[in-house]
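Below is one structure; the comments refer to it alone.
First listed ligand is number 1; within each ligand, the first listed atom is number 1.
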Amino acid sequence: MSFSGLSSLLPSLPIHVADLIQAGLAQREQTYRGRFAPSPTGVLHRGNLRTALLSWLEARLHGGEWLLRLDDLDTPRNRGGAAEAIQADLQWLGLDWDGPVIWQSRRRGLYATVLSALRRAGLLYPCRCSRRLLADISAPHGSSPVYPGFCLGASHGWGMVEQRLPSWRMRVPRGRLQWRERYGRPGDVDGPEAVGDVVLRRADGFLAYHLATAVDELTLGISDVLRGDDLWSSTAAQVAVMAQLGAGPPRYGHVPLWRDASGHRLCKREGSDGLAGYRSRGLTAAAVIGAMAASAGLVPQGSQLSAQDLLAELNWRDFDCGIRAGF
Ligand code: GLU
């Protein structure tokens, strides 16, 4: 397995962080290493669980490792008991992960160090645009707004002004952002036009998802990210952060979300769509795995089989073709 990735890392990175990134880049060249990275903001619904199943299958079919990372940085959004429920649900389904669970909240020091290095390198600037202003300029139809660069070059400093701290934005240089995409739209977008300058530290002091995720994919040696296609558009921002750190991205595969009968996205608050709902209807793990695999076109409808049996039935080429064909 070989893909581009090693270039020269950002010189302002402290040596221990540069070493961690180099080790991660070397590791992903050697082994398939995937991950599932839910936010503990609620119970996983069948859509999240199907994505977890596909990510697990892909990793195991490649003889690779599969990590469980909990994206719990946005603490006000975390729900008590959700992290435990996520682990219990994955275990019940037989989706075993390698090594200890990785909590982003325990890695804040690493993210903050990387952020400081980006700032020292002159790649960040303070931004004082309010959410309201940004909402007013946001693109129609809910597509994510591209920041128009109002604060780029402004000299209002990093400190408190009118009791507010600025957010920290990373400049996204001109040029294309590219990544290898297995299942979704090709990973090739114009940085400034499609992404714009990315917030890496929010005005309320929280470290942003794009920063933590980019640092994690690199330092954890992630070779392949399989996740829902709602995150396709986040990928370019994460690739931009990696590029500023001097590293290439992992491979990505964005798979369709499982929608309800009327075509709407499932939402974590709909508890009945979680495993508790299935269990209360008396379904076994084999029935749930069968239903999830059938919905992705991997086995016939009505199949009942354990995650391990499903794994034994598939090979990675059929899996790859099946997922590429869409479901
Ligand atoms: N934690 C994020 C979520 O649950 C996504 C993480 C990812 O796969 O990059 O939506």
Y209, portion touching ligand 1 at heavy-atom distance under 4.0 Å: side chain
Within reach of ligand 1, part of S39 (heavy-atom separation under 4.0 Å): both
N/O separation below 3.5 Å, D71 to ligand 1: yes
Atoms in ligand 1 with a heavy atom of P38 nearer than 4.0 Å: 1 (N), 4 (O)
Contact atoms of ligand 1, heavy-atom distance to R227 under 4.0 Å: 7 (C), 8 (O), 9 (O)
Main-chain N/O of A117 paired with S12 side-chain donor or acceptor, under 3.5 Å: yes
N48 side chain vs H45 backbone, donor-acceptor pair below 3.5 Å: yes
Distance flag, aromatic centroids of W158 and W168, threshold under 6.0 Å: yes
Parallel, tilted or perpendicular, as decided by the 30° and 60° cut-offs, for the rings of Y252 and W179: perpendicular
Mutual orientation of the aromatic rings belonging to F36 and W66 [parallel < 30°, tilted 30-60°, perpendicular > 60°]: parallel
Distance under 6.0 Å and angle within 45° of ring axis: R169 vs Y147: yes
From the candidates D74, V225, T51, L231, the one that places a heavy atom nearest atom 10 (O) of ligand 1: L231
Of the listed options Q104, H210, R35, closest to atom 8 (O) of ligand 1 (non-hydrogen atoms): R35
